[in-house]
Amino acid sequence: MKRILLLLSCCLFIFCAKKEHEIIGLWDVKSNYYRATYKIEFQNNRLVGKVIYYNDDTTVLKETKTDKDLFLFNLKQKSDNNYIDAVSGATKTNNQTTSITIKHKDTLEVTSYIMKKPLTEIWIRNFNNDTHE
């Protein structure tokens, strides 16, 4: 009886365990205009995006290990392969929020808005922990 209970408990734990978010990790932006590495991680029970490195030849930013690094504050999973930045519910609509679509386990399509115009970028998973320093 104890074996059956133990086996049942193990099976329940395995099937009920939360699926890891595929977007967690280091990401390099594929851009002709700047170089950047961003990190998506859990911080204080929220899924956030942090600037690890950014260089557009006029501004260089490096990780400070403070809240100043955050640029995505509260990513929420909208569907299996889509996340939005639900910036603490400050907006009534999600028309102007950043959205991230998983195109492949190593490729993200990120759409943000600058002056109400969409900007879509491709982010590629960084396996080397190379931050372009």
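Bear in mind the structure is a predicted one, so any value in this text is a computation, not a measurement.
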Quiz item: Between K76 and A86, what is the shortest heavy-atom contact and its length?
Solution: CG-CB, 3.6 Å
Self-check item: N45: side chain to side chain contact (heavy atoms under 4.5 Å, CB included) partners, not counting sequence neighbours
Solution: none
Exercise. Supply the atom-to-atom distance T98 OG1 to E121 CD, rounded to the nearest 0.5 angstrom.
Key: 9.5 Å
Quiz prompt | Interatomic distance, I124 atom CD1 to W27 atom CH2 [nearest 0.5 angstrom] | solution = 8.0 Å
Quiz item: Would a 4.5 Å heavy-atom cut-off, applied to side chains only, mark V60 and Y53 as touching?
Solution: yes
Quiz prompt | Rounded distance [0.5 Å steps], CD in E22 versus CG in D106 | solution = 9.0 Å
Exercise. Quick one: closest heavy-atom pair of V29 and Y38, and the distance?
Key: CG2-CE1, 3.2 Å
Quiz item: Is there a path from I24 to L108 through hydrophobic residues (I, L, V, M, F, W, Y) whose side chains come within less than 4.5 Å of each other?
Solution: yes
Self-check item: D85 side chain to N74 backbone, donor-acceptor under 3.5 Å
Solution: yes
Practice problem: Using the rule that two of Ile, Leu, Val, Met, Phe, Trp, Tyr join whenever any of their side-chain heavy atoms come within less than 4.5 Å, decide whether V51 and L119 are in one cluster. | Solution: no
Exercise. Would you give the length of the straight line joining atom NZ of K78 to atom CD1 of I100, rounded to the nearest 0.5 angstrom?
Key: 13.0 Å
Quiz item: Which one of I40, L47, L75 satisfies the side chain to side chain contact (heavy atoms under 4.5 Å, CB included) criterion with H21?
Solution: L47
Exercise. Output the distance between atom CD1 (I52) and atom CD (E63), rounded to the nearest 0.5 Å.
Key: 3.5 Å
Quiz item: What pairs with N81 under side chain to side chain contact (heavy atoms under 4.5 Å, CB included), at least two apart in sequence or on another chain?
Solution: S79, T101, I102
Quiz item: Under a 4.0 Å N-O cut-off, is there an ion pair linking D57 with R35?
Solution: yes
Self-check item: Check: T64 main-chain N/O paired with D69 side-chain donor or acceptor under 3.5 Å
Solution: yes
Exercise. Calculate, to the nearest 0.5 Å, the distance between atoms CD and CD1 belonging to E109 and I122 respectively.
Key: 5.0 Å
Practice problem: Only counting residues at least two apart or in another chain, list the ones meeting side chain to side chain contact (heavy atoms under 4.5 Å, CB included) with L70. | Solution: Q43, R46, V48, K50, D67, F73
Quiz prompt | side chain to side chain contact (heavy atoms under 4.5 Å, CB included) assessment of L26 paired with F127 | solution = CA-CA 7 Å; L26 281 176; F127 290 105; over 6 Å; no
